[in-house]
Every structure is written in structure tokens, then in C-alpha cells.
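Here's the structure we're looking at; comments come further down.
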Number of protein chains: 2
Amino acid sequence: MSRQRLLIARSAAGMHGAFTVEELHRSAQDVVPGLGVATTYRAVAAMAGCGTLAVVGEREGRTLYVWCANGEHHHHLICTDCGRVAGIDCPLPEGDAFASARRVGFTVTRHDLTLYGLCDTCREDGER
Amino acid sequence: MSRQRLLIARSAAGMHGAFTVEELHRSAQDVVPGLGVATTYRAVAAMAGCGTLAVVGEREGRTLYVWCANGEHHHHLICTDCGRVAGIDCPLPEGDAFASARRVGFTVTRHDLTLYGLCDTCREDGER
DNA sequence: GTAGGTGCAAAGGATTTGCTTAAAC
DNA sequence: GTTTAAGCAAATCCTTTGCACCTAC
């Protein structure tokens, strides 16, 4: 692994909440001056491919990612105000989860779930 | 509502499974020769805004939509082979669904869930 | 040594926007 | 009559790609 990829990964791990490629790139440039955009895009693609980054929606046309070292199956909860992210266990009931899927003849192989809401800080700010 | 929007909506309703804007546009052009791409994009934005269309992922950089006349809260199950779509009830347990969310101080306001799998036809084709 | 990564700049391509004309109500 | 949308083309802008050079192993 190259120095750049390592430092990009470290920057990603240090991001607060969800981020765009552009934001990650800016952050990584603090540590790697002259870092090319393409390099960041390629690093993001690699990390997304191996599950180290996860897509959690988009903001104004830009894909949002989160650092996601935890390899277990889980989902993300995004604060719609500040972008803070929390990982949560899969809340889908195990066994008969997809009864309605079976009813229509489908076999479920994968699912994407993302929760949106307000973190405690932003909720309090809102009430103020 | 203009003739074009009506016919675009009708085309969307008639699409088999998930579709891109481009595919919808081609389909709508069969009924509205000379239809502009921008018109289709604007119609899609309007329909997505009022919930008549739902986003269900993407294919090669193009956003995938499904026709979604059912106003009730529900989710979609997409066949990864043929793109066929089935609407399903929300499988998230009502009451204590988001215990882990509360545990991290979040209030959940919204969630996106999309299931992927194989429809009966494609599963049988695969086994053959 | 060689396979994979980097930087730069140019290309690609989906989506949006400005503007004028035309249809809806 | 006004407001809303259509159609066309140009612009936008995120993302990818080609290429020559360099770094990791």
C-alpha cells in the first residue's frame, strides 16, 4: 500500500460524520500536499470495494461516504443536521423477516438500510 | 398538468421494473415524438418530489427509479437480474425498533430500506 | 524488475439551466 | 391574460481515463 493510500485512509477514519470525496480530498491534502483528486477517487473506490467505506446517501449530487472499519453486518444512522454517524445493528428480524418477499416469489440476497434523524446535540439545539 | 407530463407519468407507470431517466425518456418518446430530455428530467423531479417515483439505487452511474403510486409507507424489492420490482411492507418492528439508535442518543425521523434479490423467474433461470 | 499507484490534464457523461415559444387554466 | 411547462442547446460539474513517471515489494 502506498503512502498516499495509507494517509487517505487515515484521513477518512478521522472525518467527523459523513463526507464527500471532495471533503476527504481536502482533508487528505493537509497531510499530503499536492495530492491529486484522481488519487483520492481511486482510493475511495478501493476502500468502498473492500467495505472500508460505505455509501450513505448523497448531498447536492455528491455521494456521501462514511468510514466503516467494522466488518460486521450493520447499518448507519445519520444526523441530518450535522452529519454525525452512528453504526447500529441490523434491526431486521432474522427468521421470518421477509415473509412478504417470499410471498411475491423473491429470494432476498442483500439489503440496504440507512436511518436518518437527529443526534442528541442537534435535537437540543433545535428545541432551544 | 400538461399533455407531456401526463404521458410521461403514464409511461413511468407502464415501465417493467426499475428504470433510468433515459429509459423512461425513450419510452415516453414513443407516445410523444420530439419530447425533450429536459422535459423528462423535469417531470421525473416533479414526480420524485411528490412521491410518485422512488429512487431505488443506481446502475452504471444512472439513478434508478420505480413507479410508486402507493402512498403508504413501504419499501421496494428489486430483482438484481431483471430489475423487476415488488413493493413490500416495512419489515422494521414498530415499537422498540430503534433501541440501538436511542442508545446512541439519536431520534430517528426517516429511513431508507431497499431489498435486493432474485425474482422467481430469474432464480429458476439461474438454477437451470 | 514489474505490478500497481500517482499526478496532471483532458475526456466523459448524466443532469441542469437559460431562454424563447407554446400550451394550460 | 398569466402562469406554468416545453424544447433546444449550451453549460455545469462530478467522476473517469490516458499517459508518463515513480514507488512498493
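By convention in this document, chain letters (A, B, ...) are assigned in the order of the sequence lines, proteins followed by strands, and residues within each chain are numbered from 1. Worth saying up front: this structure is predicted, and the values here are computed from it rather than measured. Just so it is clear, the values below take in all heavy atoms, side chains as well, and ignore hydrogens, waters and symmetry mates.
Side-chain proximity of B:Val21 to C:dT15, C:dC8, D:dC8: nearest is C:dT15. In this structure, the nucleotide among D:dT17, C:dT17, C:dG7 sitting nearest to the side chain of B:Arg42 is C:dT17. Checked against C:dA9, D:dG7, C:dT17, the side chain of B:Thr39 finds its nearest nucleotide in D:dG7.
In this structure, CD of B:Glu60 is placed 17 Å from P of C:dG12, rounded to the nearest angstrom. Atoms NE2 (A:His25) and P (D:dT15) sit 13 Å apart, rounded to a whole Å. The CG atom of A:Leu64 sits 10 Å away from the P atom of D:dT15 (whole-angstrom rounding). For B:Leu35 and C:dA23, the CG to C1' distance is 15 Å, given to the nearest whole Å. Rounded to a whole Å, the OH atom of A:Tyr41 is 4 Å from the P atom of D:dT15. Distance CD (A:Glu58) to C1' (C:dT15): 12 Å, rounded to an integer number of Å. Between A:Gln4 atom CD and D:dC21 atom C1' the separation is 13 Å, expressed in whole Å. Distance B:Arg59 CZ to C:dG13 C1': 16 Å, rounded to the nearest Å.
The main-chain N or O of B:Thr63 is never found under 3.5 Å from a side-chain atom of B:Thr20 such that the two would form a donor-acceptor pair. Looking only at distances, a side-chain donor or acceptor of A:Arg123 sits under 3.5 Å from a matching main-chain atom of B:Gly105.
An OP1 or OP2 oxygen of D:dA24 is reached within less than 4.0 angstrom by no side-chain nitrogen or oxygen of A:Arg5. Side-chain N/O atoms of A:Arg62 include none lying less than 4.0 angstrom from OP1 or OP2 on D:dT15. Note on B:Ser2: every side-chain N or O is 4.0 Å or more away from OP1 and OP2 of C:dA24.
Heavy atoms of A:Thr63 sit under 4.0 angstrom from primed sugar atoms or phosphate atoms, though from no base atom. Note on A:Arg3: nothing from the nucleic acid sits closer than 4.0 angstrom, heavy atoms only.
B:Met47 places none of its side-chain heavy atoms less than 4.5 Å from the side chain of B:Arg5. By the 4.5 Å heavy-atom criterion applied to side chains, A:Cys68 and A:His74 are counted as neighbours.
The aromatic rings of B:His73 and B:His111 stand perpendicular to each other, their planes meeting at an angle above 60°, with 30° marking the opposite boundary.
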